Amino acid sequence: MDGEPDLYIAGTWRHASDGGTRDIINPADGSVAAVVDEATPGDAREAVAAARASFDDGAWRATPIAERAALLDRIADLLQRDKEELATLETRDTGKTLAESRIDIDDVTSVFRYYAKLVGADGDCRVVDVGDPAVISRVIREPIGVCVLIAPWNYPLLQMSWKIAPALGAGCTMVAKPSEVTPLSTIAFVHLLEEAFQEFAVPAGVVNLVQGSGAVLGEALTASADVDFISFTGGLATGQTISKTAADNVTKVAVELGGKNPHIVFADVRGTGDGGGWDAAGDRGLTGVFLRSGQVCSAGTRLIVEESIADEFVAAVAARAAKITMGDGMNPASETGPLVSEQHRAKVEAYVELGISEGATLITGGARPTDPALAKGSFYLPTIFDRCDRSMRIVQEETFGPILTVERFTTEAEAIALGNDTEYGLAAGVRTSDMARGERVVRALRHGTVWLNDFGYYTASAEWGGFGKSGNGRELGPTGLAEYQEMKHIWHNTAPTAAGWFKN
Ligand code: NAP
């Protein structure tokens with residue numbers, strides 16, 4: 001950053017081989033937050049080769065599991081030590097508020113702590129009875145090999161940590177590529193990793209870092225026969241491209257993609273039973289979509305509300321949406337920050353135009369804020385469209401901005417049908433005071449995470465991922481570790497005999 005080398009390849013920091021750099025823009029005011037090295041495809045190939053050489057050398061994967069677990073714990077300690085620095089970089093880079101960035105760093109820490117425990121406790125061997133006492137048959141887990149880890153811009157370090165922590169714990173080597181828009185926290189984090197690696201004598205080439213344009217580096221990272229696994233988080237179109245490219249080498253790919261997440265509110269939220277509550281439902285409906293200005297893959301962008309309460313409920317949410325305080329994420333008074341870039345704001349604005357042309361009723365927002373203090377940033381007002389229906393593109397496509405669409409239903413079956421009427425299937429929320437109904441509806445919804453009387457939470461120990469076009473594979477939880485492991489069956493005959501099948 002700012003003149004220091006930013007590419008980390010084979011244990012050495014270096015500049016891009018062609019001297020290329022990129023300005024990283026602070027979306028709160030359009031200023032240049034940092035200048036970073038921009039890798040070339042040749043640099044990316046070198047990073048893959050370094051990861052390959054390190055894996056094939058075998059030293060890292062032979063490191064005792066307890067030592068790998070201790071390393072993950074040490075990384076967690078260093079994350080807490082450097083929390084303010086990392087959170088500040090995340091805010092400058094993404095625009096999110098410092099409070100959110102601090103939560104992100106705590107979450108990153110919890111991911112490393114979780115995998116430290118899981119890896120350390122992992123019974124890495126299963127004995128199988130094959131019916132012959134002379135045979136010792138066992139299934140062991142081995143690291144999958146060289147991993148390419150590609151992350152998006154909305155939760156830069158958090159999404160990367162969901163990959164790096166299990167990959168390290170499993171004994172893999174890797175090349176990490178953050179989004180070209182938001183590389184700063186990942187660069188700082190790899191410096192932190194280097195410190196931990198020195199303490200634990202981790203061999204060179206276990207973690208490599210390149211940043212730059214995905215379109216330019218993608219081929220070098222994903223079409224290589226030296227890569228054993230690609231873990232990608234980002235948009236659907238990119239995930240499709242990577243999956244197709246990787247297919248030539250039959251490289252395993254896990255893609256975590258977008259979402260168009262329903263939040264279903266039943267009229268009985270007025271009730272006083274378990275988990276009901278009008279205010280909580282409205283508040284989570286608001287937060288579920290407008291936190292981080294809607295730039296969250298699991299944002300509750302589709303409010304699906306029972307007709308009998310819809311007018312009053314939507315009016316209450318809209319009134320609060322209009323009062324959200326926007327501003328620079330470094331200002332403690334800001335409740336939400338800008339969109340990540342001018343380019344992204346233009347995409348969101350195009351969706352608002354589309355919603356209007358599709359006949360949805362704009363009830364709040366639909367414009368840039370008029371506050372002169374926000375004029376240089378890529379801010380956009382929380383926007384709500386009422387009277388939407390499933391034929392509209394703003395209801396079906398991921399807008400990835402502060403846009404809430406409202407659909408109405410009259411029966412439980414209709415609510416479920418609406419909730420499942422999306423090509424995605426990442427997350428959903430259900431609000432009701434009738435717990436029997438709540439259980440029926442959460443089970444009927446085809447989404448990877450479903451919140452009943454809550455919205456937006458996840459934990460390192462529970463799997464995260466999507467149904468449908470929200471992706472395949474899972475991150476976090478035991479499955480998030482298993483993605484980075486191969487299962488090997490070892491059949492050991494302790495009393496070898498001839499098969500005797502062929503007579504001559
Ligand atoms: P994106 O445009 O698909 O980019 C994601 C990453 O892929 C970036 O690092 C990007 O690099 C890189 N990339 C682009 N083209 C590539 C190629 N041809 N080969 C290899 N890598 C390539 O997504 P985004 O706009 O950064 O992120 C927003 C999306 O991520 C949304 O759809 C959101 O829902 C999704 N997301 C999903 C989850 C989840 O858990 N399911 C979590 C967070 C975000 P550049 O930045 O240089 O283009």
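Note that the structure is predicted; figures quoted are calculated from it, not measured. In this chain, residues are counted from 1 in sequence order. Read the numbers this way: they start at 1 and go in the same order the structure lists the ligands and their atoms.
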Undergrad: Could I get the full list of ring pair (Phe, Tyr, Trp, His ring centres under 6.0 Å) partners for Y380, not counting sequence neighbours?
TA: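 Partners of Y380 by the ring pair (Phe, Tyr, Trp, His ring centres under 6.0 Å) criterion come out as none, since no residue qualifies.
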Undergrad: F400 pairs by ring pair (Phe, Tyr, Trp, His ring centres under 6.0 Å) with which of W153, Y351, Y424?
TA: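 Testing F400 for a ring pair (Phe, Tyr, Trp, His ring centres under 6.0 Å) against W153, Y351, Y424 leaves exactly one candidate, W153.
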Undergrad: What pairs of residues pass the salt bridge (Lys or Arg N to Asp or Glu O under 4.0 Å) test when at least one of them lies in residues 294-305, not counting sequence neighbours?
TA: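 Residue pairs passing salt bridge (Lys or Arg N to Asp or Glu O under 4.0 Å), neighbours aside: R302-E407.
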Undergrad: Just by distance, no angles: are the side chains of N249 and T251 close enough, under 3.5 Å, to form a donor-acceptor pair?
TA: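 No donor-acceptor contact under 3.5 Å links the two side chains.
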Undergrad: So which pairs with a foot in residues 155-183 pass salt bridge (Lys or Arg N to Asp or Glu O under 4.0 Å), sequence neighbours left out?
TA: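 Listed once each, the pairs are R22-E180, K163-E475.
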Undergrad: Might you list the protein residues in contact with ligand 1, defined as having a heavy atom under 4.0 Å from one of its atoms, sorted by chain and number?
TA: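 Residues within 4.0 Å of ligand 1: I150, A151, P152, W153, N154, Q159, K177, P178, S179, E180, G212, S213, G214, A215, G218, F232, T233, G234, G235, T238, I242, E256, L257, G258, C297, E398, F400, L426, W464.
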Undergrad: Distance check, rounded to the nearest 0.5 Å: R14 atom CZ versus D6 atom CG?
TA: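 R14 CZ to D6 CG: 13.0 Å, rounded to 0.5 Å.
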